[in-house]
Amino acid sequence: MAQRNGMKRIEALLAAMTLEEKIGQLTMVSFGWSETGPNKSVDIRAEIRAGRIGSLLNIWGADETRAIQRLAVEETRLGVPLLLAFDVLHGHRTIFPIPLAEAALFDPAAWERTAREAALEAAADGIALTFAPMLDVSRDPRWGRIAEGPGEDPVLAALFAEAKVRGFQGGDLASAGSLAATAKHIGAYGAVTAGRDYASVDISDRALHEVYLPPFRAAVAAGAAAVMPAFSDLAGTPASANATLLRGLLRERWGFEGVVVSDHGAVAELVVHGVAADLAEAAALALAAGVDIDMMGMAYAQGLVPALERGRVDMGAIDAAVRRVLQLKESLGLFDDPYRRGSAAGAAAGAASRGALARDVARRSIVLLTNNGVLPLARDLRRIAVVGPLAMAAADMLGPWAGAGDPARAVTMVAGLRAALPQCEVVFAAGVEVDSGETRGMIEEALAACRAAEVVVLCLGEGAQMSGEAASRAQPDLPGRQRQFAEAVLAVGRPVVALLSSGRPLMVPWLIARADAVLATWFLGSEAGHAVADVLTGRWNPSGRLPLSWPVDTGQIPIFYGQRRTGRPADPAERYSSKYIDAPAAPLFPFGHGLSYTRFTLSDLQVAPAVAGPHDRVTVAVTVANEGPVDGEETVLLFVHDLVASVARPVLELKGMAKVRLAPGERQVLHLILPVDDLAFLDLDLKPRLEPGAFKVYVGPAADPERLLEASLSVVGD
């Protein structure tokens with residue numbers, strides 16, 4: 001009954017709307033400062049009253065959102081509520097680790113929980129739609145937006161997609177604590193040329209369908225309310241004008257019935273791309289492709305009327321887009337109660353528990369890359385030097401896209417260690433700035449602190465705005481004079497623990513070779529300092545695992561574990577094999593790498609049944625034992641390889657994962673389920689096909705051939 005009444009309401013509104021009001025429903029404008037491009041000069045309140053704006057982004061706060069919503073509901077002709085949106089990417093006021101860091105948990109339940117808490121906090125601030133999750137698979141750390149996504153693997157990214165959509169949207173989209181999720185940016189944005197943001201994408205259809213689209217299909221299947229196309233073009237067709245992608249695939253093949261919202265200014269940029277002569281053509285192309293909401297391009301506002309007059313669009317297409325926008329507002333419960341989101345009391349509720357969650361997820365995101373025994377820190381230390389430009393950089397701990405996060409609430413590395421080690425003197429000296437030179441005497445002051453310390457914690461990396469959108473780096477190493485400073489610190493001769501704060505792998509093999517321990521601490525959010533201190537002191541045994549391959553050098557990029565077997569595999573003894581003559585072919589650290597303070601072993605791999613057919617489910621069992629001195633959490637990855645197929649398959653394909661926490665001396669048998677149908681691949685016509693044949697099944701902690709257990713599986717036909 002409620003659904004039928006909602007449809008009647010939508011059709012009645014459509015019938016009553018003028019063309020100007022319809023176009024208004026398709027227009028999204030930024031209320032305040034925008035990080036993604038220039039704002040247009042618009043009298044927003046006047047435009048809302050006139051019905052020329054249907055959605056706003058970049059406004060939050062219970063009082064602010066209620067006031068602006070009141071204009072639409074009470075001071076417009078039809079009283080259609082606004083759709084209020086914001087980038088709630090990795091938290092809202094409480095900031096969780098950046099998505100790349102959170103992917104290191106390999107834990108869908110945790111991913112869902114952080115999204116749920118972020119949704120509750122953002123909804124209490126009046127927000128109804130988030131531009132998240134970002135699902136762009138990327139294998140190029142030069143691209144700054146790799147920080148916003150789940151890494152290099154399509155299966156991991158698909159699990160991330162499902163968890164985040166469930167978390168943001170909850171069980172009922174109309175609930176006061178739910179946000180509509182926007183899966184972005186469909187169109188293989190993570191494969192931009194040379195890792196340069198906004199650049200062209202030109203990849204094979206196979207790569208598009210096998211690597212870059214699966215997370216979006218998973219998000220749609222999980223019920224994502226909205227999808228956003230990429231800024232970039234795909235083989236010459238900008239995603240916002242790609243009818244094959246947005247209509248043919250997304251809507252017709254996948255059955256997506258939600259809203260497609262453009263990225264910031266992307267519809268107007270079709271003119272700059274060179275596929276439209278003016279805004280009218282741009283608007284016509286985007287609408288025909290399936291874009292419902294034009295974010296900050298004003299292309300629909302200024303171009304749809306002339307496009308109608310030229311016969312480039314028809315009212316049926318406009319009505320269909322408006323109907324989808326109104327349906328989203330109906331699904332969010334905005335017509336029944338436009339003020340259900342936005343509660344000052346709700347914004348404060350649960351802050352303590354969210355802080356505890358942020359700390360737990362942050363410490364589980366940290367990846368221990370190397371450790372020669374200096375960690376965990378000895379309990380009897382009396383003096384530690386915490387040096388480097390990221391040691392007291394509260395704002396940088398939040399990372400890019402920190403939403404409504406308050407840097408004043410962020411815990412620095414120094415503050416975290418001082419709280420964790422009250423008996424120890426923790427001395428701070430920056431040494432250098434993040435990306436510029438020293439202030440006179442800064443380096444010598446820091447070196448003096450290092451000489452007087454028992455252990456040095458060296459805090460290096462990027463500033464928050466050096467990752468994320470518009471932050472591509474041709475050389476993703478230590479910026480500024482950080483290398484010079486680090487080498488001086490290493491030369492002091494004290495044990496050095498290096499912390500790398502960044503939104504991407506940093507190419508610093510010299511540091512990793514010389515420091516006593518190196519940790520990827522990413523951008524960990526509000527509780528960064530406490531999380532780092534938990535790991536350094538052993539309060540938490542590090543458990544993060546790399547969700548992407550960590551290169552030795554930029555010359556290896558793109559680098560990823562799921563490559564196909566070449567006819568001339570890399571062989572150090574064979575000149576004419578697939579390798580470099582000046583660098584290794586393998587990454588410095590493989591996908592899944594991460595050390596622990598304990599020692600796990602895997603044994604007794606069993607595959608049953610060993611012969612299986614279509615629709616069967618194979619059980620892969622492995623025994624995991626903690627043979628070390630402390631409790632720990634291990635991640636177990638399940639890979640397969642199709643030995644002979646009509647299309648050459650990757651040497652390793654992730655098909656499953658599991659986590660287990662074990663006490664010293666404890667062991668447990670894990671059972672991972674492998675559906676035989678998951679062994680299908682896209683044939684020469686890009687149609688799913690399951691071929692009989694021999695497979696290898698691998699289980700291990702990382703995509704490292706030397707650490708994988710191996711078994712055989714035969715697939716037979718019907």
Side-chain angles (χ1 to χ4, degrees), residues 106 108 152-159 162 206-207 209-211 214 217-218 545 547 549 560-567 569 590-593 600-625 634-660 667-718:
F106 285 78
E152 73 176 47
D153 185 78
V155 170
L156 187 68
L159 294 170
E162 293 166 351
R206 178 168 300 281
H209 287 271
E210 286 189 346
V211 177
R217 186 165 193 171
R545 302 292 182 259
S549 304
F560 51 97
Y561 80 87
Q563 300 187 41
R564 288 179 172 79
R565 191 185 305 279
T566 170
F591 175 90
H593 174 78
F600 291 103
T601 61
L602 276 66
S603 63
D604 195 24
L605 177 62
Q606 303 288 330
V607 174
V611 179
H615 316 308
D616 287 345
R617 292 163 63 86
V618 173
T619 299
V620 179
V622 65
T623 300
V624 185
E634 177 66 312
T635 299
V636 177
L637 304 178
L638 168 63
F639 301 98
V640 301
H641 175 55
D642 190 340
L643 296 179
V644 179
S646 56
V647 175
R649 303 306 303 147
V651 293
L652 290 176
E653 296 181 76
L654 183 68
K655 295 299 180 182
M657 62 189 192
K659 297 182 76 71
V660 61
R667 63 181 54 234
Q668 184 173 324
V669 178
L670 292 183
H671 296 88
L672 294 89
I673 303 302
L674 175 62
V676 171
D677 291 349
D678 283 0
L679 301 176
F681 61 90
L682 300 181
D683 65 14
L684 295 174
D685 297 318
L686 298 182
K687 302 285 180 58
R689 179 174 179 174
L690 177 64
E691 292 183 347
F695 290 79
K696 289 294 185 182
V697 175
Y698 301 97
V699 171
D704 179 356
E706 296 184 1
R707 302 178 66 191
L708 293 173
L709 302 180
E710 176 186 322
S712 297
L713 171 67
S714 293
V715 172
V716 297
D718 287 324

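Residue numbers start at 1 and run along the sequence shown.
When side chains are defined from C-beta on, D677 counts as touching P614, because their heavy atoms get closer than 4.5 Å. You'll find the side chain of F681 reaches within 4.5 Å of the side chain of E691, heavy atoms only. At a threshold of 4.5 Å between non-hydrogen side-chain atoms, the residues P650 and Q563 do not count as touching. Contact annotation: the side chain of L690 approaches that of V676 to within less than 4.5 Å [non-hydrogen atoms, C-beta and beyond]. Contact check for R206 versus L682: side-chain heavy atoms found under the 4.5 Å cut-off. The shortest distance between side-chain heavy atoms of R545 and K659 does not fall below 4.5 Å.
Side-chain atoms of D685 do not come within 3.5 Å of backbone N or O of K687 as any donor-acceptor pair. The backbone N or O of S549 sits less than 3.5 Å from a side-chain atom of E152, completing a donor-acceptor pair.
L674 pairs with exactly one of V607, T619, L713, D616 by the side chain to side chain contact (heavy atoms under 4.5 Å, CB included) rule, that one being L713. A side chain to side chain contact (heavy atoms under 4.5 Å, CB included) with L708 is found for one member of L652, L602, V699, L605 and no other, namely L652.
Taking all atoms of both residues into account, the shortest heavy-atom contact from D153 to L156 is OD2-N, 2.9 Å. The minimum heavy-atom distance between A694 and D642, with the atom names listed, is O-OD1, 3.8 Å.
Rounding to the nearest 0.5 Å places CD of E710 at 4.0 Å from NZ of K696. Here L709 contributes atom CG and T623 contributes atom OG1; the two are 9.5 Å apart, rounded to the nearest 0.5 Å. Atoms OG and CZ, on S646 and R689 in that order, are 4.5 Å from each other to the nearest 0.5 Å. Atom CZ of F600 is separated from atom CD of E634 by 5.0 Å, given to the nearest 0.5 angstrom. From E653, atom CD reaches atom OH of Y561 across 7.5 Å, with rounding to the nearest 0.5 Å. Separating the CG atom in L637 from the OH atom in Y698 is a distance of 14.5 Å, to the nearest 0.5 Å.
If you look at F591 and F106, their ring centroids are closer than 6.0 Å.
No more than 12 heavy atoms of other residues, nucleotides or ligands sit less than 6.0 Å from atom CZ of R617.
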Pair M657, L159 - check side-chain contact (heavy atoms from CB on, under 4.5 Å), show working. CA-CA 10 Å; M657 62 189 192; L159 294 170; 3.6 Å; yes

